[in-house]
4 protein chains.
Amino acid sequence: MKPSSPSLRPRKKPVQPRAVETYAWMLEAAAQILESQGIDAFNTNLVAERAGVSIGSLYQYFPGKEALLVALMQREKACMGADAATALAAPDGRAALAHMVGAAVRHQLDRPELARLIDVEETRPGVQQEVENVSNYLGLLRSTLARPDLPPQPDPEAAAADIAALVRLLVDAAGARGETDAQHLERRVLAAILGYLGAPSGIGDR
Amino acid sequence: MKPSSPSLRPRKKPVQPRAVETYAWMLEAAAQILESQGIDAFNTNLVAERAGVSIGSLYQYFPGKEALLVALMQREKACMGADAATALAAPDGRAALAHMVGAAVRHQLDRPELARLIDVEETRPGVQQEVENVSNYLGLLRSTLARPDLPPQPDPEAAAADIAALVRLLVDAAGARGETDAQHLERRVLAAILGYLGAPSGIGDR
Amino acid sequence: MKPSSPSLRPRKKPVQPRAVETYAWMLEAAAQILESQGIDAFNTNLVAERAGVSIGSLYQYFPGKEALLVALMQREKACMGADAATALAAPDGRAALAHMVGAAVRHQLDRPELARLIDVEETRPGVQQEVENVSNYLGLLRSTLARPDLPPQPDPEAAAADIAALVRLLVDAAGARGETDAQHLERRVLAAILGYLGAPSGIGDR
Amino acid sequence: MKPSSPSLRPRKKPVQPRAVETYAWMLEAAAQILESQGIDAFNTNLVAERAGVSIGSLYQYFPGKEALLVALMQREKACMGADAATALAAPDGRAALAHMVGAAVRHQLDRPELARLIDVEETRPGVQQEVENVSNYLGLLRSTLARPDLPPQPDPEAAAADIAALVRLLVDAAGARGETDAQHLERRVLAAILGYLGAPSGIGDR
DNA sequence: AATGAATGAGCCTTCATTCAT
DNA sequence: AATGAATGAAGGCTCATTCAT
């Protein structure tokens with residue numbers, strides 16, 4: 001995964017139905033390889049083989065290995081972001097926060113290893129900016145923190161970043177430990193966040 | 001970084017003074033390459049060159065690339081662990097916790113990129129067990145959480161793991177954002193932990 | 001450009017007006033790519049794209065990449081050959097020679113890089129025989145050398161070949177150096193030829 | 001032969017005797033492949049195989065395929081240049097010119113196909129400047145043309161370039177036609193040059 | 001006739017590791 | 001002990017060509 005010179009954007013969007021299918025297969029193959037064999041086994045030849053397409057087809061849609069990874073990240077992030085975005089409809093900040101945490105937790109526990117690896121690879125230089133705004137998680141978080149029922153933060157920017165990181169890592173760590181109880185996990189993460197924000201967290205009932 | 005069949009332990013401990021120096025140079029070269037060029041540029045030939053030794057010599061001390069990485073991780077963890085261990089002398093749980101967080105923060109802000117990369121690579125299968133007990137951070141954390149002035153935890157094991165993860169990620173994220181104010185960061189992390197633990201966090205003075 | 005098994009002749013002549021146009025576009029696209037990006041960038045997919053046709057269409061007219069190149073060469077040679085052929089009408093050998101050189105020079109300076117590349121690629125095995133007789137340059141030259149006002153040559157075959165080569169390279173080299181003054185170039189080439197032939201060359205007025 | 005980004009200079013000079021041998025073998029293998037199979041068959045794997053070394057060894061000395069080609073060109077040019085340089089000792093301009101032509105002819109007829117291909121590939125962008133000054137042929141030519149027994153040239157720069165081109169192409173063309181008589185060829189080329197220069201050429205005895 | 005998705009042989013290059021000196 | 005030349009498996013990517021639609 002050295003070169004990195006080729007663009008990180010897909011070369012072309014599939015239009016014909018057959019191509020749409022091919023494209024989706026390639027992303028899913030990439031996902032499966034990542035979660036079952038890890039990043040070191042992630043190579044374009046293997047992805048193509050697993051997707052049941054030729055290596056040439058893969059390169060018709062993606063200019064390089066990393067672009068494939070980015071497209072997969074975006075697929076995952078978009079999915080999670082859509083779920084999280086419904087938090088805007090929540091009646092108050094607490095509920096919205098709960099919903100956002102819930103979205104992250106559900107997403108993570110759906111395919112834990114894949115989610116964890118994507119979180120890790122997201123830190124690659126150049127990749128981050130391609131992926132970060134797909135789910136507008138950070139932006140949503142900032143809006144939510146500004147709601148009146150949550151304690152005002154002296155540095156809202158840092159608070160949002162901290163919380164995003166906090167959600168991500170707690171959830172990753174739980175996934176890595178094999179936890180599968182979304183409810184329990186969600187409550188703990190929410191408690192940590194509320195504690196961090198300085199809000200009474202009702203931890204007693206945990 | 002595929003063939004992880006060779007052992008992850010150093011082949012031999014350097015005994016002669018010159019060998020000790022060589023050994024240290026190799027680790028430091030590895031560290032510098034990691035922090036300046038990233039994991040993708042981290043290869044044995046480059047490490048040897050930067051260390052000013054031949055590739056053959058490198059393989060006299062390390063059975064393979066991954067063992068070199070592990071040794072570096074251990075060097076870093078040991079250093080941080082020694083600092084954290086002094087928390088045992090703290091008068092109460094809060095102070096101990098603060099000291100442990102402080103140790104992590106100081107270590108991270110010392111060489112942020114190196115620390116972040118090591119945290120990431122630590123999750124490699126096989127690597128984790130070689131490294132985790134070098135600094136007894138988790139163990140220390142468990143003891144500290146059991147101190148009487150901190151709220152008792154229903155699942156101390158999970159709590160310790162969560163907190164360790166929490167410290168790591170908040171601090172990594174801060175390092176990645178370029179934060180350099182150890183005091184400020186330390187306070188925020190501590191607030192998150194105490195919030196998580198359900199303890200009044202004195203956030204007011206943040 | 002390895003598999004030269006397919007024929008070098010176009011698959012079919014375009015008959016419908018639209019097809020004629022398409023065919024011409026493909027040749028022109030090939031020409032433009034050659035002159036602007038060089039032989040290494042010359043590939044069938046790019047030519048098709050630039051010509052605004054599908055790769056499938058290109059292969060309907062040409063059995064392979066090399067056939068496309070040959071067709072382009074023939075287009076260029078035919079054009080130059082027609083100009084040179086009017087030398088037959090010249091009153092004497094000197095004038096005829098001058099006209100032939102002039103044709104080559106004009107052609108070369110019209111699209112220098114294209115002409116140069118074609119000269120180079122013409123030496124490919126198999127290609128040469130397809131292209132050499134399109135412009136009957138060599139034949140014309142032989143006839144011209146036999147005219148009574150030019151010195152008789154002991155080996156007319158070799159002389160014609162030498163002169164053709166001489167014209168080509170001097171003109172290529174001038175094109176590569178960026179010369180654009182056709183008159184000046186023409187005079188120098190003619191001087192070289194007459195010198196080679198052992199004829200007084202009237203260099204004084206050069 | 002697309003990428004061309006890697007440097008065109010050898011990665012390192014071989015120092016150990018074994019390495020010197022390896023290096024020479026690689027150049028010779030490259031030469032043999034070029035002359036027997038042409039530029040399209042010239043690839044690094046084949047060169048390594050023919051040289052009896054591994055592909056890895058080839059890349060220890062050359063940063064890429066093109067650098068190998070350049071090194072070969074330099075080997076050939078240097079050899080010819082050394083021969084041509086003795087022309088400085090010639091008593092007059094004519095003799096010097098004759099010697100320079102002789103050097104080119106001898107070199108060309110030694111390995112005609114190799115020499116021809118190198119002349120062609122020399123025009124690659126980036127390659128030219130790496131190779132052109134190895135044999136100082138053009139410089140020598142300029143000095144020689146300035147000698148008092150040769151007719152003064154209005155544009156010595158252009159004249160030298162023309163003559164260099166002329167020598168090269170006549171000699172290439174002869175090699176391509178399979179000529180092997182160096183004497184005969186040399187006389188014809190010299191005649192052409194002297195004619196071009198406007199000097200009485202004694203063509204009569206050709 | 002035209003399209004363009006798909007193919008896959010083949011080439012370039014890297015880098016972990018070995019071993020003769 | 002140290003050296004560094006040599007190895008070769010592995011993987012990224014291109015592009016000429018085919019063929020179902």
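In this text the structure is predicted, and so the values were computed from the model without any measurement.
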Closer than 4.0 Å, any side-chain N/O of [X] to the OP1 or OP2 of [N]?
| X | N | result |
| --- | --- | --- |
| C:Ser54 | E:dG4 | no |
| A:Asn45 | F:dA10 | no |
| C:Thr44 | F:dC15 | no |
| D:Lys12 | F:dA5 | yes |
| D:Thr22 | F:dA6 | yes |
| D:Tyr59 | E:dT14 | no |
| D:Asn43 | E:dC11 | yes |
| A:Gln60 | E:dA6 | no |
| A:Tyr61 | E:dA6 | yes |

How many Å lie between [atom1] on [X] and [atom2] on [N], as a whole number?
| X | N | atom1 | atom2 | result |
| --- | --- | --- | --- | --- |
| D:Leu58 | E:dC15 | CG | C1' | 16 Å |
| A:Met26 | E:dA5 | CE | P | 11 Å |
| A:Ile55 | F:dA16 | CD1 | P | 18 Å |

*Mind running salt bridge (Lys or Arg N to Asp or Glu O under 4.0 Å) on A:Arg111 and A:Glu28 for me, showing each step along the way?*
CA-CA 12 Å; A:Arg111 302 182 77 166; A:Glu28 182 54 28; 3.0 Å; yes
*Determine the minimum heavy-atom distance between A:Gly126 and A:Leu8, stating which atoms define it.*
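Scanning both residues, the minimum pair turns out to be O-CD1, 3.5 Å.
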_Strictly by Watson-Crick or wobble contacts shorter than 3.5 Å, is anything paired with E:dC19, and which nucleotide is it?_
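Base partner found: F:dG4.
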*Taking the nucleotide of DNA chain E with the closest heavy atom to each, which residue, A:Gly52 or C:Gly56, is nearer the 5' end?*
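Looking at the nearest nucleotide for each, C:Gly56 comes out on the 5' side.
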_Expected output: side-chain B:Arg50 to main-chain B:Ile33 donor-acceptor under 3.5 Å_ =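 No, B:Arg50 side chain to B:Ile33 backbone: no donor-acceptor pair under 3.5 Å.
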*Under 6.0 Å from the six-membered ring centre of A:Phe42 and within 45° of its axis: does the NZ or CZ of A:Lys65 meet both?*
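Geometry flag: not set, cation outside 6.0 Å or 45°.
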*Assign C:Arg11 to base, sugar-phosphate, or nothing according to its heavy-atom contacts below 4.0 angstrom with the strands shown.*
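Nothing, no nucleic acid heavy atom in range.
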